[in-house]
Amino acid sequence: MLASMFSGRHTVYKDLEKGYLFVDRDGMHFQHILNWLTDGVAPISNLSDLECLELLREAEYYQLLDFSGFDLSGPSLNSANLINANLQDACLIKCSFNRVDLQLAHLQAADLTGAYLEGANLEVAHLEGANLKVY
């Protein structure tokens with residue numbers, strides 16, 4: 001998404017005086033997005049379960065597809081939902097989705113190798129071509 005924003009195909013709002021660019025998103029998790037893009041790592045151990053879920057939504061928006069080891073299980077996510085989330089082609093190796101609502105989620109061609117899905121709601125989830133290999 002960021003690449004397409006700056007490809008010239010979209011209008012980018014820029015403060016000509018200061019050189020700042022405006023991205024119309026909540027900036028709360030943008031530092032983690034930038035860390036992910038520059039280092040391939042986004043330290044999330046200090047984030048609450050809800051903040052992790054919000055970060056996943058932001059990563060989905062920016063079309064970052066490698067979420068290996070991402071843990072979305074936890075007591076505060078009992079009612080968490082990723083309903084209709086677009087995680088198509090995502091790398092979700094060893095991710096934990098314990099008790100997460102993935103109803104109608106788009107997981108086509110996603111790599112869910114070793115993912116922990118116990119209690120996850122996969123009702124009407126799109127799993128065509130997804131790798132669901134377990135260890």
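We number each residue from 1, following the sequence as shown.
Within the model, atoms CG of Leu132 and CG of Leu117 stand 7.5 Å from one another, a figure rounded to the nearest 0.5 Å. Between Gln108 atom CD and His126 atom NE2 the span is 6.0 Å, to the nearest 0.5 Å. Thr38 contributes atom OG1, which lies 11.0 Å from atom CD1 of Ile33 (distance to the nearest 0.5 angstrom). Between Ile93 atom CD1 and Leu112 atom CG the span is 9.0 Å, to the nearest 0.5 Å. Of the inter-residue distances, the one linking Leu107 atom CG with Leu127 atom CG reads 5.5 Å to the nearest 0.5 angstrom. The distance from the CZ atom of Phe30 to the CG atom of Asn35 is 10.5 Å, given to the nearest 0.5 Å.
Between Leu34 and Gln31 the shortest side-chain heavy-atom distance does not fall below 4.5 Å. Looking at heavy atoms from C-beta onward, Leu102 lies in side-chain contact with Phe97 at the 4.5 angstrom threshold.
For residues 19-36, the pairs satisfying salt bridge (charged side-chain N to carboxylate O under 4.0 Å, His left out) are Arg25-Glu58, with sequence neighbours left out.
The side chain to side chain donor-acceptor pair (under 3.5 Å) check on His106 picks up Asn84, with sequence neighbours excluded. His29 meets the ring-ring contact (aromatic ring centres under 6.0 Å, His included) test with no other residue; sequence neighbours excluded. Remark: Glu118 pairs with Tyr116 by the side chain to side chain donor-acceptor pair (under 3.5 Å) rule, at least two apart or across chains. Residues satisfying the side chain to side chain donor-acceptor pair (under 3.5 Å) criterion with Asn86, sequence neighbours excluded, are absent altogether.
Hydrophobic cluster membership of Leu104, counting Ile, Leu, Val, Met, Phe, Trp and Tyr whose side-chain heavy atoms lie under 4.5 Å apart directly or via other members: Val124.
Nearest approach of Ala110 to Leu92, heavy atoms of both residues: CB-CD1, 4.2 Å.
Tracing side-chain contacts under 4.5 Å through hydrophobic residues (I, L, V, M, F, W, Y), one reaches Val23 starting from Leu55; they form part of the same cluster.
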